[in-house]
Amino acid sequence: MTDTFDQFKPAPDANWWRQAAVYQIYPRSFADADGDGLGDIRGITAKIPYLAALGIDAVWLSPFYPSPLADGGYDVSDYRDVDPRLGTLEDFDEMVAALHAAQIKLIADIVPNHSSDQHEWFQQALAAGKGSPERERYIFRDGLGADGGKPPSDWVSHFGGSAWTRITEPSGEPGQWYLHLFAKEQPDWNWENPEIREDFLKTLRFWSDRGVDGFRVDVAHALAKDMSEPLRSKPSVADELTPVDGKDPLFDRDEVHDIYAEWRKVFNEYDPPRTAVAEAWVPASRRMAYASPEGLGQAFNFDLLRADWDVGQFRSIITNNLSQAEESGASSTWVFSNHDVVRHPSRYGLPAGLDYGPWLMADGSEPEVDQMTGLRRARAATLLMLALPGSAYLYQGEELGLFEVPDLPAATLQDPIWHRTGHQRKGRDGCRVPLPWTQEGESFGFGTNGAHLPQPAWFGGLSVEAQDGIAGSTLEFYRHALKLRGQLQSYEDLEWIGGTGGSTLHFSRPGQWQSITNFGREPLALPPGKVLISSSKLAAGQLPPDTTAWLAGSVQEG
């Protein structure tokens, strides 16, 4: 790349996270070094050359802590250790050192809303009895009715059924109920208890001292709760983005930011300060508080992930989120796929507005995915995202163009959603199938002895081996795009450009380069400029439908 672009690059500093390309690793499905069918820490370390060649700035590591796996590792039984099935603390330290040697930062997932029911403190709470200090670490309440046999409220779990489970007291009698916004194996912490607050500060320091550069905060909007009696009615949590004003009994309460102000003080003890990004399913107007420099510093923006392939939606979302990021002092985040959603090449190959629940229950056959359209749009969306100011979050396997695996056999499904809904909702296993590294073999190179979720036969054709060095492959497209992004990305400015039609999204970035995306059904003439990269093949100066291109050179509106 020429000096024209280099002059716009800022000097490296503690704000590395503001425009980082972050690659999410779901460790149990990335690479298996010991052949037990489960991905592990040493498997990740072995693949660091692959990650470095991809061109990412950081890895976001989904939970790797000891866990009974009632919810894919998001049920933590020990916050300051590594699951022995995934490795040891020494393995973790070696991975961090190897990542840092490759100039890759590490963001660790932290799960502060709930623990595993196998956590030492929850087991103590069960044994200690009603009113004990041990029970005050969690949220226990007496049931309703003459015999206490009804749940304390009508609150519903995200995974189906009541958000309350009744325990058996040490005496053997039916006893109190405990709150769990997710699976019954995930009891919610009581964040009004100073002991919980102090213990999490200890955890943040533990991992920061081991070299972790930042934290992704799971369910960041749910820690503070109004548990005053009588408990307020809230019959459904189906719509996670229900507008709130900071007074909802369970979500996005104003008091949650007192917790994160304490965390920020810990982050700022380090040089450079540790970063954090909130997973907060809240209205956009409420998101800024989580991204405050006095709080976590950044918050996930899932708006594009939820949007249809529509130029108006994309432009509105990008404009609004850049404005909110500027107001909060943070940078925006952009994401299309992660461990909780149907992979975006599949989404874009399905009709807009489709309910993915019935589609998954039909094994992805009603309707079938238009894979050609889905992958073409997914590549265009990714290249557009990588051109935006802010952090770009990628999910393992999207660089291979992997589609959702909707037809996993029922007997293999692991997601608690499947079990808690009486087998009425499949859940998220289809995006968590272990990665294919080779074209052949029992688990396509994932490990030497199978995989914990079965891989479909078509995975081999999309494996790393099948795409490595192949011009036009999705893997090489991602490598090229990320390399260019690293060379081009500079100040967090964007200027919209008009005059190319109502189906086109076109903007310029500092350093005299531009991104243009055709959302329409007809080819469009490309504006003047040298093409740096395109998501699909270009022909005769035309930008095909469902295609993004980056061009060098300034553009005059016309």
Item to check | Side-chain donor or acceptor of Gln298 paired with backbone N/O of Ala276 under 3.5 Å | outcome: no
Item to check | Test of ring centre spacing under 6.0 Å for Phe30 and Trp437 | outcome: yes
Checklist entry - In this structure, which one of Phe403, Phe336, Tyr395, Tyr348 forms a side-chain contact (heavy atoms from CB on, under 4.5 Å) with Arg343? => result Tyr395
Checklist outcome for this item: Of all heavy-atom pairs linking Gly73 and Pro63, the shortest is O-CB, 3.2 Å
Item to check | Under-4.0 Å salt bridge between Glu492 and Arg18 | outcome: yes
Next on the checklist: For a quick test of reading the model, state the closest non-hydrogen atom pair linking Gly460 to Ala466 and the distance between them.
Outcome noted: O-CB, 3.6 Å
Next on the checklist: In terms of relative ring orientation, are Trp418 and His423 parallel, tilted or perpendicular, with 30° and 60° separating the classes?
Outcome noted: parallel
Checklist entry - Is the ring centre of His339 less than 6.0 Å from the ring centre of Tyr74? => result yes
Next on the checklist: Show, in sequence, the C-alpha distance, side-chain angles and deciding distance for Asp493 and Phe507, and conclude whether the side chain to side chain contact (heavy atoms under 4.5 Å, CB included) test is met.
Outcome noted: CA-CA 10 Å; Asp493 297 323; Phe507 56 87; over 6 Å; no
Checklist entry - When you measure from the side chain of Thr548 to the backbone N and O of Ala380, does any donor-acceptor pair fall under 3.5 Å? => result yes
Checklist entry - Is the NZ or CZ atom of Lys105 positioned over Trp17's six-membered ring, under 6.0 angstrom from the centre and within 45° of the axis? => result no
Next on the checklist: Treating Glu476 as the side-chain partner and Gly469 as the backbone partner, does any N or O pair qualify as donor plus acceptor under 3.5 Å?
Outcome noted: yes
Next on the checklist: Using a 3.5 Å distance criterion without hydrogens, assess whether the side chain of Asp40 forms a donor-acceptor pair with backbone atoms of Ala33.
Outcome noted: yes
Item to check | Main-chain N/O of Arg432 paired to Ser29 side chain as donor or acceptor, under 3.5 Å | outcome: yes
Item to check | Donor-acceptor contact below 3.5 Å, side chain Asn518 vs main chain Leu543 | outcome: yes
Checklist entry - Are a donor atom and an acceptor atom from the side chains of Tyr356 and Glu404 found within less than 3.5 Å of each other? => result no
Checklist outcome for this item: Correct closest heavy-atom pair for Gly160 and Thr421 would be CA-CG2, 4.5 Å
Item to check | Student check: side-chain heavy atoms of Asp310 and Phe519 closer than 4.5 Å | outcome: no
Checklist entry - Is the closest side-chain heavy-atom distance between Pro389 and Leu494 below 4.5 Å? => result yes
Checklist entry - For the ring pair His221 and Tyr290, is the centre-to-centre distance below 6.0 Å? => result no
Next on the checklist: Checking Arg287 against Asp252 for the salt bridge (charged side-chain N to carboxylate O under 4.0 Å, His left out) test, could you report, in this order, the C-alpha distance in whole Å, the side-chain angles of both residues, the deciding distance, and whether it holds?
Outcome noted: CA-CA 9 Å; Arg287 191 183 298 143; Asp252 191 33; over 6 Å; no
Next on the checklist: Between Tyr26 and His452, is the ring centroid distance below 6.0 Å?
Outcome noted: no
Checklist entry - Does His506 have its ring centroid less than 6.0 Å away from the ring centroid of Trp496? => result no
Item to check | Salt bridge Lys426-Asp407, side-chain N to carboxylate O under 4.0 Å | outcome: no
Item to check | Check ion pair Asp370-Arg377 (N to O, under 4.0 angstrom) | outcome: no
Item to check | Over 12 non-hydrogen atoms of neighbours within 6.0 angstrom of CD in Glu326 | outcome: no
Checklist entry - Do the non-hydrogen side-chain atoms of Gln371 and Pro345 ever get within less than 4.5 Å of each other? => result no
Checklist entry - What's the shortest heavy-atom distance between Phe444 and Ala457, and which atoms? => result CZ-O, 3.8 Å
Next on the checklist: Within the 4.5 Å heavy-atom criterion, are Leu69 and Gln414 side-chain neighbours or not?
Outcome noted: no
Checklist entry - Can the positive tip of Arg379 be found less than 6.0 Å from the middle of the six-membered ring of Phe477, inside 45° of the ring normal? => result yes
Item to check | Close side-chain approach of Asp303 and Asn320, heavy atoms under 4.5 Å | outcome: no
Checklist entry - Within a reach of under 6.0 Å around CD of Glu522, are more than 12 heavy atoms found that belong to other residues, nucleotides or ligands? => result no
Checklist entry - Which heavy-atom pair separates Leu413 from His419 by the least distance, and what is that distance? => result O-NE2, 3.6 Å
Next on the checklist: I want to know whether Trp60 and Phe300 have ring centres closer than 6.0 Å.
Outcome noted: yes
Item to check | Minimum heavy-atom distance Ala278-Leu296, with the two atoms named | outcome: CB-CD1, 3.5 Å
Item to check | Note: Asp83-Arg28 ion pair, threshold 4.0 Å (strictly below) | outcome: yes
Item to check | CG-CZ distance between Asn449 and Phe446, expressed to the nearest 0.5 angstrom | outcome: 11.0 Å
Checklist entry - Are any of the side-chain nitrogens in Asp308 or Arg347 under 4.0 Å away from the carboxylate oxygens of its partner? => result no
Checklist outcome for this item: Given the options Leu388, Val22, Asn301, Thr333 meets side-chain contact (heavy atoms from CB on, under 4.5 Å) only with Asn301
